[in-house]
Amino acid sequence: YQTDSWDLGRDAYYYMIYQRVGALAIRGTPAATLVGQWRVVAAIRFEKTRKDIRFAITSTTGTLAPPGATGPAPTLTPTARTPLPAGAGWPDVIAWAKPAVVFILGETAERDGEGNKIYSSGSGVIISADGYILTAAHVLSDVVGEIEVLVEESRVYKATVVKTHPKWDPDEFLSGDVALLKIPASGLAWLSVGASEALKPEEEIRVLGYPRAGLGLGLIPAGGKALGVRSLPSGVSLLQIEVSTYDKGHSGGPVINSRGQVVGIAMGWSTSSDTGVTHQLAVATDTIKAILPSHLLRLVLPMILAASPTH
């Protein structure tokens, strides 16, 4: 980006991501009629109110066949996952889990001072190969338009809301802040749902997500430990954690253990008004499972056994 200030650089980023300039640039080009992955490089120059944009479009997968041609279409994601090796360290666990973590974006009814659209964004995690996704309910609460899900930082799907936890209250932080989405896809990388209550105090965990997208889109793990599960009078269970670099945008992302299992869905933090202590919280798995369809509940145990070898 060629800009004169950080503000203009930020605007250029949002212009690319939210106004979908890249998608518009592909229309009418050979890339629009071919199946596969294409790289779109855009140079944006802001001069006062003028935006000069230039594109270069190249294939990342070589020669590709148009729709209807004989031969198999390129596969972007395998239909089966290689199990996480026993004894894998955190860098390998995170790399293995990354394809299942998604970026979520939705238009709200709000506008900024210049009339530009304001978007709600957060993270999520795929929990089945056919496109079921867990996220935080508050990521979706202000969305009035389509919900878009970015998978493996390369493909965008339109999502529908399957269910929001019945004890989610947008005016109450300590509530069932979890929702289930569905995208029309198959053969996706996914993570199994584990058990928050099986975590030992001080056990290492990671929160995966896409915080502060305005700084650039990228998966950022927040490292730390589990402290314990809190049970609320409402019946909602929350996992208290203590992690570094936990920020806006991690909301909805998975809290994972060292076996790559989802042991919570990140929801944010609460700071005590009298002591100033900050409590970082995630929705615990007992509460998560309350919104899973029966066919996914039946798969929870086999998924855990298949994806996560014991240590």
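One distance of note links OG1 of Thr108 with OH of Tyr119; it measures 9.0 Å at 0.5 Å rounding.
Using a 4.5 Å heavy-atom threshold, the side chains of Lys98 and Glu153 count as touching. The shortest distance between side-chain heavy atoms of Val243 and Pro221 does not fall below 4.5 Å.
Using modelled atom types and a 3.5 Å distance limit, the side chains of Asp177 and Ser175 yield no donor-acceptor pair.
Counting only distance, with no hydrogens or angles, the side chain of Lys182 and the backbone of Asp130 share a donor-acceptor pair below 3.5 Å. Of the possible polar contacts, none joining the His138 side chain to the Phe173 backbone as a donor-acceptor pair under 3.5 Å is found. At distances below 3.5 Å, at least one donor-acceptor pair connects side-chain atoms of Ser196 with backbone N or O atoms of Thr285. Between the Ser120 side chain and the Val139 main chain, a donor and an acceptor come within less than 3.5 Å of each other.
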*Could you walk me through whether Arg111 and Glu107 pass the salt bridge (charged side-chain N to carboxylate O under 4.0 Å, His left out) test, one step at a time?*
CA-CA 10 Å; Arg111 298 293 184 267; Glu107 180 185 339; 3.2 Å; yes
*Using the side-chain hydrogen bond (donor to acceptor under 3.5 Å, both in side chains) rule, take Thr287 and His165 through it: C-alpha gap first, then chi angles, then the decisive distance, then the call.*
CA-CA 8 Å; Thr287 297; His165 197 282; 4.9 Å; no
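Salt-bridge annotation for Lys225 and Glu203: absent, with no side-chain N of the basic residue lying under 4.0 Å from a carboxylate O of the acidic one.
A side chain to side chain contact (heavy atoms under 4.5 Å, CB included) with Val178 holds for exactly one of Ile288, Thr164, Thr135, Val236; it is Ile288.
Note on ring orientation: taking the six-membered ring where Trp is involved, the planes of Tyr210 and Phe103 are perpendicular (angle over 60°, cut-offs 30° and 60°).
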